[in-house]
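What you see below is based on every heavy atom in this structure, not just the backbone, and it leaves out hydrogens, waters and symmetry mates.
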Amino acid sequence: MARVKTQYVCQNCGYSSPRYLGRCPNCGEWNTLVEEQVQSSSSSATTRRPTTTLTGLVAKPQKIGEINSHETPRVKTNLNELNRVLGGGIVPGSLILIGGDPGIGKSTLLLQVSGQLSSEHHRVLYVSGEESATQIKMRAERLDVAADDFYIYPETNMDSIKDTIRELKPEYVVIDSVQTMQATDVTSAIGSVSQIREVTAQLMQIAKSNNITIFVVGHVTKGGAIAGPKILEHMVDTVLYFEGDLHHTYRILRSVKNRFGSTNELGIFEMHTNGLSEVKNPSEIFLEERLKDANGSAVVVSLEGTRPILVEIQALVTPTVYGNAQRTATGLNRNRVSLIMAVLEKRASLMLQNQDAYLKAAGGVKLDEPAIDLAIAISIASSYRDKGTKATDAFVGEVGLTGEIRRVNRIEQRVAEAQKLGFKRIFVPKNNLKGWQAPTGIEVIGVTTLRQALRLALG
């Protein structure tokens, strides 16, 4: 007979301990260990049955030469932004995890995609553990979602869900959310590490053995990471984060893991009363409220995956009133800002050690690539000298510790995007000028040092 024992499992990383601990020794989080009961037996341990498809076929080993290696066709949705983030469309049989803050629009996005897929004669099963069928129907009417092959199933029991999938044979399944699902052979509470791990394993088996695409909604912690064990992100094929400010209408869909595409892609949506709509040209949105000749402002052409985006970087430099100067950054890496300020002080003779600096990337976007260094430096110097930059100037380049401007990738795309939006000058690393022809209508200025860039941009 199975023996029941008690252990304490960290709900953040999955670390288990035979006794309660206030702080997890593995991840360092406080008050995350929860008591769980585990059944253990030696001789009568339950084992998994072989993986079978919905038709009852058992998976068998194949020689690598006998496997058909043709490229699996992707299924494109009406949302081109979602297609871009997924790498060109939905891969059949993939397991996709979408995380985000409460109320950010995860369920709205998946409900719209489900309605569109079902309208194209794809059978979709929407499993909800948080809302009733009536509540989902009310939201679907607001989003104008209706189709014959769209099924709503409010259920949390995984055995019932698997039976329903076996009966309906859907092509797409939405699980909203994985933290509310319950595997009956696991005795721990719903939402615990053991439950999430087992539910995800069962969903992965369903997706891979039956070529069913499964979308899984995941809650996030207060730190912004997917709630549950880290193995959850390792098991799925794609991890998407839905980001944005609840006080603004724009939402950003970012890929942090994708076995079938790039992990640097970015999709931008706008939330309306009737659902999410695509933002065709995000650069215009990020720059539409920029003041002309404002000091402390510089425009950078940042590259998110294959898409160049123009973003305004703002800086406010003021004398400090405390002993230590403050460094605050929103949408930018604080350590990168401190490093660039140190280079400005050492290589450009700007006395910034007694100045507070507040920087942000306008529009709520997060930038984290070396090519934004020059724009950060220009905005800081512009605010410090109280001298504005030209509204038609853009800046691209990485700043080295010796004050040199280093080359960046895909400079042709960045310059073409700036020219398309009406910019007259763009400052780029001089080493990036070789081997290509600049488009007409924009002056490309190559700079080699930070001091030279400041002199040409600010006079």
Side-chain angles (χ1 to χ4, degrees), residues 243 252 254-256 262-266 282-283 286-287 296-315 327-348 350 352 357-383 389 393-418 423 425-436 438 444-454 456-458:
E243 305 171 352
I252 297 175
R254 190 186 303 271
S255 172
V256 297
S262 173
T263 58
N264 298 318
E265 294 294 348
L266 194 74
S283 297
F286 294 141
L287 299 177
S297 172
V299 175
V300 61
V301 188
S302 179
L303 204 64
E304 294 288 346
T306 59
R307 161 189 278 178
I309 299 177
L310 276 77
V311 181
E312 179 188 6
I313 294 180
Q314 299 176 338
R327 305 285 186 259
T328 303
T330 303
L332 305 170
N333 188 291
R334 184 176 178 273
N335 293 331
R336 183 187 297 273
V337 171
S338 299
L339 183 148
I340 294 175
M341 293 187 69
V343 175
L344 283 170
E345 185 162 354
K346 185 72 174 180
R347 308 300 178 188
L350 300 184
L352 299 173
Y358 307 91
L359 283 90
K360 69 172 295 185
V365 68
K366 295 181 181 179
L367 303 178
D368 191 19
E369 66 159 339
I372 67 174
D373 289 354
L374 181 58
I376 294 176
I378 294 294
S379 64
I380 293 173
S382 172
S383 178
T389 58
D393 285 356
F395 304 90
V396 177
E398 178 184 356
V399 176
L401 293 181
T402 58
E404 80 278 12
I405 307 299
R406 308 178 69 88
R407 69 169 68 235
V408 298
N409 62 340
R410 299 188 180 181
I411 190 65
E412 300 95 331
Q413 291 178 260
R414 300 176 193 263
V415 174
E417 182 71 11
F423 284 79
R425 295 195 307 176
I426 182 170
F427 293 78
V428 302
K430 191 172 184 179
N431 291 331
N432 272 123
L433 297 179
K434 303 175 183 177
W436 64 283
V444 181
I445 302 175
V447 291
T448 55
T449 65
L450 182 58
R451 189 183 291 271
Q452 178 190 7
L454 293 176
L456 294 176
L458 299 177

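Proximity of F395 to V300: side-chain heavy atoms (C-beta onward) are nowhere separated by under 4.5 Å. At least one side-chain heavy atom of F423 sits under 4.5 Å from a side-chain heavy atom of L310. Side-chain contact check for F427 versus I405: every heavy-atom pair is 4.5 Å or farther apart. Using a 4.5 Å cut-off on side-chain heavy atoms (C-beta onward), L344 and L454 make contact. In this structure, L401 and V343 have side chains that are in contact, with non-hydrogen atoms separated by less than 4.5 Å. Between L352 and I380 the shortest side-chain heavy-atom distance falls below 4.5 Å.
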With side-chain contact (heavy atoms from CB on, under 4.5 Å) as the criterion, how do L332 and I313 come out once you've worked through the C-alpha distance, each side chain's angles and the decisive distance to 0.1 Å? CA-CA 9 Å; L332 305 170; I313 294 180; 4.1 Å; yes

Validation: residues 369-379 side-chain donor-acceptor distances under 3.5 Å, sequence neighbours left out:
unit_1, atom_1, unit_2, atom_2, d
E369, OE1, R414, NH2, 3.2
E369, OE2, S302, OG, 3.0
E369, OE2, L303, N, 2.8
E369, OE2, R414, NH1, 3.2
D373, OD1, R336, NH1, 2.9
D373, OD2, V399, N, 3.3
S379, OG, A375, O, 3.3
S379, OG, I376, O, 2.8

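Residues S382 and L458 approach most closely at N-CD1, 3.8 Å, considering heavy atoms.
For the pair R407 (side chain) and N431 (backbone), a donor-acceptor distance under 3.5 Å is present. A side-chain donor-acceptor contact under 3.5 Å links T389 to the backbone of S297. Judged by distance alone, the side chain of R406 and the main-chain N or O of P429 form no donor-acceptor pair under 3.5 Å.
A search for salt bridge (charged side-chain N to carboxylate O under 4.0 Å, His left out) contacts involving R451 returns nothing, not counting sequence neighbours. Taking R307 as the reference, E81 meet the side chain to side chain donor-acceptor pair (under 3.5 Å) condition, with sequence neighbours excluded.
With rounding to the nearest 0.5 Å, the separation of CD in E412 from CG in N432 is 8.0 Å. Summarising the geometry, atom CZ belonging to R327 is positioned 12.0 Å from atom CG belonging to L339; distances are rounded to the nearest 0.5 Å.
The number of heavy-atom neighbours closer than 6.0 Å to CG of L433, taken from other residues, nucleotides and ligands shown, is above 12.
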